[in-house]
Amino acid sequence: FRSVVVNPLPNVSVNPPAPFICLNNTQVMTASGASTYTWTPSANLSASTGATVTANPTATGTYTYTVVGTTAAGCTAQTTVQLGVNGLPNVTGNAIDYSICFGSSTTLNAAGAVNYTWTPATGLSATTGNTVTANPTTTTTYTVAGTSGLNCSDDDTVVVTVLDRKSTRLNSSHLV
């Protein structure tokens with residue numbers, strides 16, 4: 001009798017199975033179920049072989065990668081993984097920076113996202129929302145970070161210059 005050995009095909013899988021990331025971020029993907037792996041296409045990947053690769057896509061959209069796994073016995077199987085890349089919101093604070101007199105306030109607005117967080121909190125009526133009132137006692141640069149519905153974020157800055165009391169009095173005395 002002659003025996004025939006039938007080697008099983010690998011069961012190749014990728015974790016995470018269907019990742020979504022924001023543009024300008026990276027995603028680590030790990031294949032399992034075989035001994036060696038080849039990833040195609042290799043564009044935007046840290047390597048074309050190996051169990052673990054890092055994707056660094058340069059544009060929004062869906063990237064489809066095929067992973068071929070090979071066992072020690074030479075049997076192969078493949079799977080695909082789709083990486084979704086979401087765009088960033090275009091967060092804008094006020095189009096202009098502001099100068100206010102000491103003790104005065106101004107309204108700061110943000111647009112381009114769904115949720116907003118303002119920092120620093122000093123002199124602000126709130127730290128969340130697209131509209132806040134700023135009443136700083138010194139010149140302050142505020143950063144507004146906005147998050148889209150897809151959890152991608154962007155930020156912008158607004159400078160509120162506080163005119164000191166002395167220059168305010170001096171300037172008003174020259175008005176005729």
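At least one donor-acceptor pair under 3.5 Å links the side chain of Asp97 to the backbone N or O of Val159. Panel note: side chain Thr70, backbone Gly74; no donor-acceptor pair is recorded below 3.5 Å. A side-chain donor-acceptor contact under 3.5 Å links Asp154 to the backbone of Val91. In terms of modelled atom types and a separation under 3.5 Å, the side chain of Thr139 and the main chain of Thr161 share no donor-acceptor contact.
Residues Gly146 and Pro89 come closest through the heavy atom pair O-CG, 3.9 Å. Across all non-hydrogen atoms, the minimal contact from Ser35 to Ala72 is OG-N, 3.3 Å. For Gly69 against Tyr37, the heavy-atom pair with the smallest separation is CA-CD2, 3.9 Å. Contact between Ala31 and Val67 at its shortest, heavy atoms only, is CB-CG1, 3.9 Å. Scanning all heavy atoms of the two residues, the minimum distance from Gly93 to Val158 falls at CA-CG2, 3.8 Å. Val114 approaches Gly149 most closely through the heavy-atom pair CG2-N, 3.6 Å.
Side-chain contact between Tyr65 and Met29 is present, with heavy atoms from C-beta onward closer than 4.5 Å. Side-chain contact check for Thr92 versus Asp156: some heavy-atom pair is nearer than 4.5 Å. The shortest distance between side-chain heavy atoms of Tyr142 and Val160 falls below 4.5 Å. When side chains are defined from C-beta on, Thr122 does not count as touching Thr140, because their heavy atoms never get closer than 4.5 Å. Contact check for Thr62 versus Leu83: no side-chain heavy atoms found under the 4.5 Å cut-off. Side-chain contact between Gln82 and Pro19 is absent, with no heavy-atom pair separated by less than 4.5 Å. Looking only at side-chain heavy atoms (C-beta outward), Trp118 and Leu108 come within less than 4.5 Å of each other. No side-chain heavy atom of Tyr116 sits under 4.5 Å from any side-chain heavy atom of Thr128.
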Quick one, Ser148 with Leu88, criterion side chain to side chain contact (heavy atoms under 4.5 Å, CB included). Give me CA distance, side-chain angles, the key distance, then yes/no.
CA-CA 7 Å; Ser148 71; Leu88 302 177; over 6 Å; no
Worked verdict on Trp39 versus Val14 for side chain to side chain contact (heavy atoms under 4.5 Å, CB included)
CA-CA 11 Å; Trp39 299 74; Val14 176; 4.0 Å; yes
Step by step, work out the side chain to side chain donor-acceptor pair (under 3.5 Å) result for Ser13 and Ser32.
CA-CA 6 Å; Ser13 63; Ser32 60; 3.2 Å; yes
So Asn44 and Thr58, side chain to side chain contact (heavy atoms under 4.5 Å, CB included) or not? Walk me through it.
CA-CA 7 Å; Asn44 302 307; Thr58 57; 3.8 Å; yes
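Around atom CG of Asn25, more than 12 heavy atoms belonging to other residues, nucleotides or ligands sit under 6.0 Å away. Crowding of Phe20 atom CZ: a count of heavy atoms from other residues, nucleotides or ligands under 6.0 Å not exceeding 12.
Linking ILVMFWY residues whenever their side-chain heavy atoms come closer than 4.5 Å, directly or via other members, places Tyr98 and Val162 in the same cluster. When hydrophobic clusters are built by joining Ile, Leu, Val, Met, Phe, Trp and Tyr residues whose side-chain heavy atoms come closer than 4.5 Å, directly or via intermediates, Ile21 is grouped together with Val81.
With rounding to the nearest 0.5 angstrom, the CG atom of Leu45 is 11.5 Å from the OG1 atom of Thr26. Going from atom CG of Leu150 over to atom SG of Cys22 covers 7.5 Å, rounded to the nearest 0.5 Å. Remark: Cys75 SG to Asn7 CG distance equals 4.5 Å, nearest 0.5 Å. One distance of note links OG of Ser105 with CD1 of Ile100; it measures 6.5 Å at 0.5 Å rounding.
Using modelled atom types, one finds no donor on one side chain facing an acceptor on the other under 3.5 Å when comparing Ser153 with Thr147. Thr131 and Asn109 form a side-chain donor-acceptor contact under 3.5 Å, judged by distance and modelled atom types alone.
Partners of Gln78 under the side chain to side chain donor-acceptor pair (under 3.5 Å) rule, at least two apart in sequence or in another chain, do not exist in this structure. In this structure Asn135 satisfies the side chain to side chain donor-acceptor pair (under 3.5 Å) test with no other residue, sequence neighbours excluded. Looking at residues two or more places apart in sequence or on another chain, you find a side chain to side chain contact (heavy atoms under 4.5 Å, CB included) between Val28 and Thr30, Thr52, Thr54.
When each of Thr137, Thr138, Leu163 is paired with Phe102, the side chain to side chain contact (heavy atoms under 4.5 Å, CB included) condition holds for Thr137 and for no other.
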